[in-house]
Amino acid sequence: MAKTIRALETEIEAIKRELVSLGDLRPGSLSKQYNVCGNPNCRCKEDPPRKHGPYYQLSFTRKGRSGTQFIKKAHVAIVKKQMKNYSRLRRLVDRWIELSMQLCQRRMEQEMG
Ligand SMILES: [Zn+2]
């Protein structure tokens, strides 16, 4: 069943309130890396190797350009939270657009009615 204008407006207002309350935003995805070093006697040359790491790397794309950034282990939790905020933002904006398109249509139908 189609939502009423009132229902659409109410849902959009809730989205706006949540958007305002979102914390820091960070786009991208986090990956873990293990490295070997230049020291031939290091544990990373053992069999099986015990490589260095994990090192956390954030990959992201902004305005068509991709970038990467190393993230300290101590910052991984906060970065994950920032990434979660960003994906929440994207979902909320997408939902807002969907509802807004319906709302525009309902208003026009109402004018014609
Ligand atoms: Zn090593």
Side-chain angles (χ1 to χ4, degrees):
M1 198 186 87
K3 290 177 190 285
T4 63
I5 286 178
R6 183 66 186 275
L8 290 163
E9 285 173 343
T10 303
E11 205 171 328
I12 288 172
E13 285 310 312
I15 289 171
K16 289 180 184 175
R17 278 196 301 276
E18 192 175 344
L19 283 170
V20 168
S21 73
L22 273 179
D24 292 339
L25 305 167
R26 177 115 69 161
S29 61
L30 206 56
S31 62
K32 252 191 223 180
Q33 290 184 347
Y34 294 86
N35 295 342
V36 293
C37 69
N39 179 355
N41 300 317
C42 182
R43 64 184 174 92
C44 66
K45 305 296 187 306
E46 285 174 6
D47 187 21
R50 292 186 295 138
K51 293 182 177 180
H52 305 281
Y55 301 104
Y56 294 88
Q57 192 176 26
L58 184 73
S59 306
F60 53 90
T61 304
R62 293 299 298 156
K63 297 178 179 173
R65 298 190 63 176
S66 59
T68 58
Q69 200 172 354
F70 277 100
I71 304 295
K72 288 179 185 171
K73 197 171 182 178
H75 294 157
V76 166
I78 186 74
V79 168
K80 282 183 176 170
K81 175 68 182 156
Q82 293 163 345
M83 289 165 57
K84 206 172 156 191
N85 287 340
Y86 179 77
S87 73
R88 183 74 187 143
L89 170 83
R90 297 300 297 261
R91 283 201 304 277
L92 286 169
V93 169
D94 201 54
R95 181 78 183 137
W96 185 357
I97 293 168
E98 246 172 64
L99 293 168
S100 186
M101 287 169 70
Q102 291 177 42
L103 185 58
C104 293
Q105 196 57 35
R106 293 282 172 288
R107 291 200 210 281
M108 283 179 179
E109 287 163 6
Q110 198 179 48
E111 272 174 35
M112 289 185 293

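All heavy atoms count here, side chains included; hydrogens, waters and symmetry mates do not. Since we're looking at a predicted model, the values are computed, not measured.
Considering every non-hydrogen atom in both N39 and K45, the closest pair reads O-NZ, 3.2 Å. Here the closest non-hydrogen pair linking M83 and S29 is CE-CA, 3.7 Å. Residue L30 comes nearest to V76 through the heavy atom pair CD2-CG1, 4.0 Å, listed as atom of the first residue, atom of the second, then distance.
In terms of the side chain to side chain contact (heavy atoms under 4.5 Å, CB included) criterion, residue partners of T10 (sequence neighbours excluded) are, by chain and number, R6. Partners of R95 according to the salt bridge (Lys or Arg N to Asp or Glu O under 4.0 Å) rule, which considers only residues two or more places apart in sequence or in another chain, are E11, E98.
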For this session: List the steps and the verdict of side chain to side chain contact (heavy atoms under 4.5 Å, CB included) for E18 and W96.
Result: CA-CA 11 Å; E18 192 175 344; W96 185 357; over 6 Å; no

Problem set entry | salt bridge (Lys or Arg N to Asp or Glu O under 4.0 Å) evaluation trace for K16 with E13 | CA-CA 5 Å; K16 289 180 184 175; E13 285 310 312; 3.5 Å; yes

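By the criterion of side-chain heavy atoms lying less than 4.5 angstrom apart, applied directly or through intervening Ile, Leu, Val, Met, Phe, Trp or Tyr residues, L89 is grouped together with I12 in one hydrophobic cluster. Clustering ILVMFWY residues whenever any of their side-chain heavy atoms sit less than 4.5 angstrom apart, transitively, puts Y86 in a cluster other than the one holding I71. Linking Ile, Leu, Val, Met, Phe, Trp and Tyr residues whenever their side-chain heavy atoms come within less than 4.5 Å places L99 and M101 in a single cluster. A continuous path of Ile, Leu, Val, Met, Phe, Trp and Tyr side chains, each step under 4.5 Å between heavy atoms, connects I97 with L22, placing both in one hydrophobic cluster.
Side-chain contact between Y56 and V79 is absent, with no heavy-atom pair separated by less than 4.5 Å. The closest side-chain heavy-atom distance from Y55 to K32 is not below 4.5 Å. Counting heavy atoms from C-beta on, the side chains of V93 and R90 never come closer than 4.5 Å. With contacts defined as side-chain heavy-atom distances shorter than 4.5 Å, the pair S87/R91 qualifies.
Under a 4.0 Å N-O distance rule, the pair R107/E9 qualifies as a salt bridge.
Put simply, the side chain of N85 gets close to the backbone of D24: a donor and an acceptor are under 3.5 Å apart. Under the 3.5 Å distance criterion, the side-chain polar atoms of R106 are left unmatched by any main-chain donor or acceptor of I5. In this structure a side-chain-to-backbone donor-acceptor pair under 3.5 Å is missing from K73 to G53.
With values rounded to the nearest 0.5 angstrom, C37 atom SG is found 11.5 Å from K51 atom NZ. Rounding to the nearest 0.5 angstrom, the gap separating the CG atom in L58 from the CZ atom in R26 is 5.5 Å. In this structure, Q57 CD and T68 OG1 are separated by 4.5 Å, a value rounded to the nearest 0.5 Å.
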